S.K.: 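Dumping the structure here so I can ask a few things about it.
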Amino acid sequence: MTAPQTTTEPVQPPPPKRRGMSGTAKSMIISMVLVVLAVLGWTALVPRVNKVDRPGVDVAGIARETAIAQKWTVTYPQPAPKGWIPANVRLVTFQNQPATWQAGYDLPDSKYIAVQQTDKPNQLWIDHQTNYGKPEGTVEVAGVKWTKVYRNSNDQSSLVRSEPLNGLATIVTGRADWSELQQFASLLKPAATS
């Protein structure tokens with residue numbers, strides 16, 4: 001008799017265990033709550049800044065350098081009221097435009113005012129500095145007549161001085177009300193040259 005043939009089939013290994021999602025819905029919810037609590041706790045511990053105080057620019061120093069280099073007597077508001085922060089001070093030179101002294105200040109309530117001065121003004125320069133606004137009458141500041149110019153599309157108000165200030169055409173411009181522009185204009189004093 002012949003021995004029965006035994007066939008050995010290869011044994012299939014058991015399927016691998018699932019990785020990752022082996023928990024129940026309850027354990028996933030608990031994990032999610034713990035993660036949210038950890039994030040909230042971390043957020044509560046991290047300090048938040050409500051206002052960034054930045055130092056102002058050195059208006060006097062840049063004015064002195066500009067006055068010496070250009071042989072101009074530039075002006076800026078002196079003393080600047082509390083809360084007026086010098087934001088930019090520079091001599092701007094554009095092609096086909098006269099060199100322009102600019103001293104701009106950030107005021108409280110997100111307002112901005114700047115003084116613009118040049119020794120070679122022309123109508124294009126005035127139009128450019130006032131953003132092509134329309135004249136709206138005149139006002140007297142410290143005994144001098146200034147023309148009020150307003151550009152409605154970007155809420156820019158400007159005061160154009162009728163006579164040179166220390167030999168320079170002068171415009172006070174920005175996004176502020178007329179009384180603030182007049183106050184700014186009344187505080188303009190020459191920069192020290194030494």
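Bear in mind the structure is a predicted one, so any value in this text is a computation, not a measurement.
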S.K.: Please give me the minimum heavy-atom distance between Leu181 and Gly174, naming the atom from each residue.
M.R.: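 Heavy-atom minimum between the residues: CD2-N, 4.2 Å.
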S.K.: Can you list the steps and then say if Asp106 with Lys111 is a salt bridge (charged side-chain N to carboxylate O under 4.0 Å, His left out)?
M.R.: CA-CA 6 Å; Asp106 287 332; Lys111 295 179 181 178; over 6 Å; no
S.K.: Would you mind reporting whether Lys134 and Val149 have side-chain heavy atoms less than 4.5 Å apart?
M.R.: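 No, their side chains stay 4.5 Å or more apart.
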S.K.: With side chains defined as the heavy atoms from C-beta onward, is the minimum distance between Leu187 and Pro81 less than 4.5 Å?
M.R.: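 Result yes, sub-4.5 Å side-chain heavy-atom pair found.
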S.K.: Tell me the side chain to side chain donor-acceptor pair (under 3.5 Å) pairs involving residues 165-175, sequence neighbours left out?
M.R.: Gln117-Thr170, Gln156-Thr173, Ser158-Thr173
S.K.: Do Trp84 and Ile171 share a hydrophobic cluster, counting only Ile, Leu, Val, Met, Phe, Trp and Tyr and linking them when any side-chain heavy atoms are less than 4.5 Å apart?
M.R.: no
S.K.: Hydrophobic clusters join Ile, Leu, Val, Met, Phe, Trp and Tyr when side-chain heavy atoms are under 4.5 Å apart, directly or via other members; which others share one with Trp42?
M.R.: Val46
S.K.: If you measure from OG1 on Thr66 to CD on Gln102, what distance do you get to the nearest 0.5 Å?
M.R.: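 It comes to 11.0 Å.
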S.K.: Mind running side chain to side chain contact (heavy atoms under 4.5 Å, CB included) on Glu140 and Lys145 for me, showing each step along the way?
M.R.: CA-CA 5 Å; Glu140 191 172 303; Lys145 186 172 91 173; 5.7 Å; no
S.K.: Heavy atoms, side chains only, cut-off 4.5 Å: are Ile113 and Leu107 in contact?
M.R.: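 SC-SC contact between Ile113 and Leu107 confirmed.
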S.K.: Would you please name every residue forming a side-chain contact (heavy atoms from CB on, under 4.5 Å) with Lys82, sequence neighbours left out?
M.R.: none
S.K.: Do Val115 and Leu188 come close enough that some side-chain heavy atom pair is under 4.5 Å?
M.R.: yes
S.K.: Check Gln78 against Lys189 and note the closest heavy-atom contact, atom names and distance.
M.R.: NE2-O, 2.8 Å
S.K.: Nearest 0.5 Å, what's the CG-CD distance between Asp177 and Glu180?
M.R.: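 One finds 4.0 Å between CG of Asp177 and CD of Glu180.
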S.K.: May I have the step-by-step check of side chain to side chain contact (heavy atoms under 4.5 Å, CB included) for Val160 and Thr130, ending in yes or no?
M.R.: CA-CA 8 Å; Val160 180; Thr130 61; 3.9 Å; yes
S.K.: Do the non-hydrogen side-chain atoms of Ile30 and Ser27 ever get within less than 4.5 Å of each other?
M.R.: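 When only atoms from C-beta onward are counted, Ser27 and Ile30 do not touch, as no gap falls below 4.5 Å.
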S.K.: Quick check: closest heavy atoms across Pro190 and Thr73, and the distance to 0.1 Å?
M.R.: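 Looking at all heavy atoms of both residues, the shortest contact is CB-CG2, 3.4 Å.
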S.K.: Quick check on the hydrophobic clustering: are Leu91 and Val59 connected, directly or via other members, by side-chain heavy-atom contacts under 4.5 Å?
M.R.: yes
S.K.: Kindly assign one of parallel, tilted or perpendicular to the pair Phe184 and Tyr105, based on the angle between their ring planes and the thresholds 30° and 60°.
M.R.: perpendicular
S.K.: Write out all pairs satisfying ring pair (Phe, Tyr, Trp, His ring centres under 6.0 Å) with one or both partners inside residues 131-150, taking only residues at least two apart or from two chains.
M.R.: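 Sorted result for residues 131-150: empty, none.
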S.K.: Who are the side-chain contact (heavy atoms from CB on, under 4.5 Å) partners of Gln123, not counting sequence neighbours?
M.R.: Ile126, Asp127
S.K.: Which is it for Thr138 and Lys148 under the side chain to side chain contact (heavy atoms under 4.5 Å, CB included) test, yes or no, and what are the steps along the way?
M.R.: CA-CA 5 Å; Thr138 61; Lys148 295 165 67 173; over 6 Å; no
S.K.: Which residues satisfy the side-chain contact (heavy atoms from CB on, under 4.5 Å) test with Gln182, sequence neighbours excluded?
M.R.: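 Gln182 satisfies side-chain contact (heavy atoms from CB on, under 4.5 Å) with Val139, Val141, Leu159, Trp178 only.
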S.K.: Does the gap between the ring centers of Tyr76 and Trp101 come in under 6.0 Å?
M.R.: no
